[in-house]
Amino acid sequence: MVRDCYTQAGYAVRFDWGPEGADAVAPGAAFVAVVDVLSFTTTLTVAVERGIAVLPYRWRDESAHAVARAHGATLAVGRSAARAGQVSLSPGSVLRATGVERLVLPSPNGSTVAARLADAGATVVGVSLRNAAAAAAWIRSRADDRPASPGQRAGGEAMAAATAAAFGGGTVAVVAAGERWDGGPLRPAVEDLWGAGAFIAALTDGLPVPARQMLSPEARMALAAFRDVAGDLPGALAACASGRELIGDGYPDDVTLAGARTDSVAVPVLVDGWFVGAR
C-alpha cells in the first residue's frame with residue numbers, strides 16, 4: 001500500500017521514478033507517460049515512426065523467445081550480441097531494419113515500467129526527446145473543457161479539480177524509468193529527467209494555470225532540469241553518465257539519435273499490450 005503523501009494527490013501533473021514510482025503516481029491517472037531516453041522509448045519512437053508495433057517485455061530470456069514466436073514477431077537481441085541486420089535496443093538498428101512489422105523489445109527499465117502499467121487502466125504513452133512535443137499535443141487534444149465533478153472537488157483533490165480540467169478532468173503521471181546499478185537498485189538517470197521535463201514543458205505550455213498550481217514539486221523539478229539544458233541537449237546527453245557509457249561501449253550513434261529533437265509526430269500508445277501509433 002502506497003502512502004497518500006507519495007501519490008502527489010492534488011496536482012494535475014505528477015512525476016516519479018521507476019516501477020515503484022509508477023505504482024505511486026499512476027493509479028487514477030488518465031494518462032501515464034513513460035520516459036527512457038537511453039534507449040527504450042527512443043527506440044520505441046523510431047519503431048512507431050516506421051509503422052512497427054512493439055511489445056514491451058521485462059526479460060530477455062527463453063520466455064521472450066516464446067512470446068515472440070507466439071506473436072509472429074521479431075525479438076530484439078542484446079546490443080552487444082546484435083549482428084548486421086539484427087534488431088536490438090539500439091534505435092539505429094530499428095532505423096535500419098527491413099521486413100519487421102512486430103517487435104518484442106525487452107528492457108529492464110522502460111519496457112518493465114510500461115509492461116507493469118499495461119493493466120493499470122490509464123492510457124500509457126511512450127515519450128522520448130524525439131516525440132515529447134507530439135505526445136504532449138496528442139494528450140492535450142484528447143482533453144475537453146468539462147468541469148471536474150463534485151466528487152473531484154472534495155477534500156484533498158480541490159486543487160486537482162481546478163487544474164485537471166485542462167486534461168479533460170484527468171491527471172497526467174510522468175514516470176522516468178531510470179537505469180540500474182549492478183546488482184539491481186535504481187539509478188536515477190538525468191537523461192530521463194530531461195525527457196520528462198521536455199514533455200511537461202510541452203504539455204503545460206500556454207495553459208492559463210500557473211505551473212506551481214498545476215505541477216507537483218517533483219514535476220517542477222523535471223521541468224527546471226530540462227530548461228537548464230534545452231539549449232544544448234545533444235551536448236548534455238553526450239556528457240551525462242549514461243551517454244558516456246554508451247559512447248565508451250561503442251554506440252555513439254544511439255546517443256546522437258536520442259538527442260535529435262526531430263519534431264517526430266509518432267506517439268506510441270499501449271493498446272492490448274502493444275505500443276502502436278496513436279490515431
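This is a predicted model, so every value here is computed, not measured.
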Ignoring hydrogens and geometry, is there a side-chain-to-backbone donor-acceptor pair from Ser93 to Ser88 under 3.5 Å? yes
Asp61 CG: over 12 foreign heavy atoms closer than 6.0 Å: yes
Applying a strict under-4.5 Å side-chain criterion to I, L, V, M, F, W and Y, I'd like to know whether Met221 and Leu129 cluster together. yes
Kindly compute the distance separating CG (Leu105) from CG (Leu75), expressed to the nearest 0.5 Å. 9.0 Å
Treating Ser111 as the side-chain partner and Tyr57 as the backbone partner, does any N or O pair qualify as donor plus acceptor under 3.5 Å? yes
Pairwise side-chain contact, Val48 with Val267, heavy-atom cut-off 4.5 Å (strictly under): no
Give a yes or no answer on whether the side chain of Ser216 reaches the backbone of Ala219 with a donor-acceptor pair at less than 3.5 Å. yes
Does any N or O in the side chain of Thr41 come within less than 3.5 Å of the main-chain N or O of Gly126, such that one atom is a donor and the other an acceptor? no
To the closest 0.5 Å, what do you measure between CH2 (Trp17) and CD (Glu218)? 12.5 Å
At what distance, to the nearest 0.5 angstrom, does CD of Glu191 lie from OG1 of Thr42? 9.0 Å
Within the 4.5 Å heavy-atom criterion, are Pro106 and Thr112 side-chain neighbours or not? no
Is the number of heavy atoms from other residues, nucleotides or ligands within 6.0 Å of CG (Asp232) greater than 12? yes
Any donor and acceptor pair, going by atom type alone, linking the side chain of Ser39 with main-chain N or O of Pro91 inside 3.5 Å? no
Considering all heavy atoms of both residues, which atom of Val77 and which atom of Ala81 are nearest to each other, and what is their separation? CG2-C, 4.3 Å
Do the side chain of Asp36 and the main chain of Gly110 share a donor and acceptor less than 3.5 angstrom apart? yes
Output yes when a side-chain donor or acceptor of Asp192 lies under 3.5 Å from a complementary backbone atom of Val37, and no otherwise. yes
Tell me whether Phe226 shares a hydrophobic cluster with Ile200, the cluster being built from Ile, Leu, Val, Met, Phe, Trp, Tyr side chains joined at under 4.5 Å. yes
Would you say Val172 and Leu203 make side-chain contact, with heavy atoms under 4.5 Å? yes
side-chain contact (heavy atoms from CB on, under 4.5 Å) between Val46 and Leu257, worked out: CA-CA 9 Å; Val46 172; Leu257 279 170; 5.6 Å; no
Ion pair Asp23/Arg116, N-O distance below 4.0 Å: yes
With distance as the sole test, does Glu179 use its side chain to make a donor-acceptor pair with the main-chain N or O of Leu186 at under 3.5 Å? no
May I ask you to check whether over 12 heavy atoms, not counting those of Arg187, lie within 6.0 Å of atom CZ? yes
Any heavy-atom pair between the side chains of Val124 and Phe275 that's under 4.5 Å? yes
I'd like to know if the side chain of Asp253 reaches the main chain of Thr256, judged simply by a donor and an acceptor atom lying under 3.5 Å from each other, with no hydrogens or angles considered. no
Side chain proximity check, Val94 to Glu49, heavy atoms < 4.5 angstrom: no
Could you tell me whether the side chains of Thr45 and Ser128 share a donor-acceptor contact shorter than 3.5 Å? yes
Please determine, by modelled atom types, if Ser63 and Arg58 share a side-chain donor-acceptor pair under 3.5 angstrom. no
So, using ring pair (Phe, Tyr, Trp, His ring centres under 6.0 Å) as the criterion, who are the partners of Phe199 when residues are at least two apart? none
For Glu101, does the CD atom have more than 12 heavy-atom neighbours from other residues, nucleotides or ligands under 6.0 Å away? no
Student check: side-chain heavy atoms of Pro217 and Tyr11 closer than 4.5 Å: yes
Spell out, yes or no, whether Leu207 and Leu223 are grouped together once hydrophobic residues are joined by side-chain heavy atoms under 4.5 Å, including indirect joins. yes
Distance from Thr43 atom OG1 to Arg130 atom CZ, nearest 0.5 Å? 9.5 Å
Please determine whether residues Val127 and Ile139 belong to a single hydrophobic cluster, defined as Ile, Leu, Val, Met, Phe, Trp and Tyr linked transitively by side-chain heavy-atom distances below 4.5 Å. yes
So, does Arg3 use its side chain to make a donor-acceptor pair with the main chain of Met1 at under 3.5 Å? no
Student check: side-chain heavy atoms of Val25 and Val175 closer than 4.5 Å: yes
Hydrophobic cluster membership, Leu38 vs Val34, 4.5 Å side-chain cutoff: no
Can you name the nearest heavy-atom pair linking Ala258 to Leu237, along with the distance? C-CD1, 3.8 Å
Could you go through the side-chain contact (heavy atoms from CB on, under 4.5 Å) check for Leu55 and Val67 one step at a time? CA-CA 9 Å; Leu55 178 73; Val67 167; 3.3 Å; yes
To the nearest 0.5 Å, how far apart are CZ in Arg102 and OG1 in Thr74? 11.0 Å
For a quick test of reading the model, state the closest non-hydrogen atom pair linking Phe15 to Gln8 and the distance between them. O-NE2, 2.6 Å
Once you round to the nearest 0.5 Å, how far does CZ of Arg14 lie from OG1 of Thr171? 4.5 Å
